[in-house]
Amino acid sequence: MNNLILIGMMGSGKSTVGKEIGAKLGWKHLDTDKMIEDMQGMTIREIFDRYSESHFRSLEAKLVEQLKSVDSTVISTGGGIILNPLNTMALREMGLIVYLKASPDTLNANLEGHTKSRPLLDCQSIDVIYRVRDPLYMNSAELVIDIDLISNQEMIDVILNRLER
Ligand code: S3P
């Protein structure tokens, strides 16, 4: 199927870049966090606080199942989607997975003032989460873009070039 799936840490720009690429390609753009919030009528923080992270993860996995039939769609995923290997397998079947790879310094800078909506950061640092997650993102993605030194526009151009191949 012809889809683009953006993965990476919180603060790597998956939502912003996904929206722009979707508009450029004339494809639909979906954001898994936003979809879960809309379906549950609650913010991600409320879901974590009222229920638990594992409840959120099961909602995320159910959503990936529901998305299996989409086409010509850019999907911006929540940073933890690759924690579940079944999600990764399903996403691979759906299209090109791109890892927006940023260093913890870049991520911390991007997240300044935006941490309240990220419950995981209440008790864990970006550095620690990155150390655990980076190998998972690397294994899941077909294309890895090091975003530390490039602009969003350059990132978008790299992805569009790859899709045109
Ligand atoms: C999470 C990232 C968040 C959201 C949730 C958990 C994670 O999405 O899904 O707070 O585990 O890294 P963003 O990557 O869009 O911030």
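This chain uses plain numbering: 1 for the first residue, then up along the sequence.
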- Query: side-chain contact (heavy atoms from CB on, under 4.5 Å) between T32 and I75: does it pass, once the steps are laid out?
  - Reply: CA-CA 7 Å; T32 58; I75 305 171; 3.9 Å; yes

- Quick one: are I5 and L96 in side-chain contact, heavy atoms under 4.5 Å? no

- Message: So I47 and L59, do their side chains get closer than 4.5 Å, heavy atoms only?
- Response: yes

Between [atom1] of [X] and [atom2] of [Y], what distance do you get to the nearest 0.5 Å?
{"X": "Y51", "Y": "S58", "atom1": "OH", "atom2": "OG", "value": "11.0 Å"}
{"X": "N84", "Y": "M89", "atom1": "CG", "atom2": "CE", "value": "10.0 Å"}
{"X": "Y99", "Y": "D134", "atom1": "OH", "atom2": "CG", "value": "3.5 Å"}
{"X": "N3", "Y": "S69", "atom1": "CG", "atom2": "OG", "value": "9.5 Å"}
{"X": "E37", "Y": "S117", "atom1": "CD", "atom2": "OG", "value": "8.0 Å"}
{"X": "L86", "Y": "L91", "atom1": "CG", "atom2": "CG", "value": "10.5 Å"}

In terms of hydrophobic clusters joined by side-chain contacts under 4.5 Å, are [X] and [Y] together?
{"X": "L100", "Y": "M94", "answer": "no"}
{"X": "M35", "Y": "V74", "answer": "no"}
{"X": "L63", "Y": "V70", "answer": "yes"}
{"X": "I156", "Y": "L30", "answer": "no"}
{"X": "M138", "Y": "I97", "answer": "yes"}

- Check the pair L149 / E154 against side-chain contact (heavy atoms from CB on, under 4.5 Å), numbers first and verdict last. CA-CA 10 Å; L149 298 173; E154 286 167 317; over 6 Å; no

Return the minimal non-hydrogen interatomic distance between [X] and [Y], and the atom names on each side.
{"X": "S72", "Y": "W27", "value": "O-CB, 3.1 Å"}
{"X": "Y130", "Y": "M9", "value": "N-CE, 3.7 Å"}
{"X": "L136", "Y": "L83", "value": "CD1-CD2, 3.9 Å"}
{"X": "R118", "Y": "M10", "value": "CG-SD, 3.2 Å"}
{"X": "G18", "Y": "S76", "value": "CA-OG, 3.7 Å"}
{"X": "S140", "Y": "I7", "value": "CB-CD1, 3.9 Å"}

One thing to verify: whether [Y] and [X] come together as a salt bridge, which I'm taking to mean a side-chain N less than 4.0 angstrom from a carboxylate O.
{"X": "R162", "Y": "E142", "answer": "yes"}
{"X": "R131", "Y": "D127", "answer": "no"}
{"X": "E60", "Y": "R57", "answer": "yes"}

Between [X] and [Y], do the side chains contain an N or O donor and an N or O acceptor separated by less than 3.5 Å?
{"X": "T106", "Y": "D148", "value": "yes"}
{"X": "Q153", "Y": "D157", "value": "yes"}
{"X": "T73", "Y": "H29", "value": "no"}

- Task: I would like to know whether M155 and V158 meet side-chain contact (heavy atoms from CB on, under 4.5 Å); could you show each step before the answer?
- Result: CA-CA 5 Å; M155 219 191 291; V158 172; 6.0 Å; no

- Message: For L107, run the side-chain contact (heavy atoms from CB on, under 4.5 Å) check against I126, I129, I147 and tell me which one passes.
- Response: I126

- Task: Please name the residue in the list I159, T77, I145 that meets the side-chain contact (heavy atoms from CB on, under 4.5 Å) test with L6.
- Result: I159

- Message: According to side chain to side chain donor-acceptor pair (under 3.5 Å), does anything in residues 5-20 pair up with another residue at least two apart or in another chain? List the pairs.
- Response: S15-D31

- Check whether any side-chain N or O of E93 sits under 3.5 Å from a backbone N or O of A90 as a donor-acceptor pair, and report yes or no. no

- Item | side-chain contact (heavy atoms from CB on, under 4.5 Å) assessment of Q66 paired with M39 | CA-CA 12 Å; Q66 289 166 13; M39 287 192 278; 4.1 Å; yes

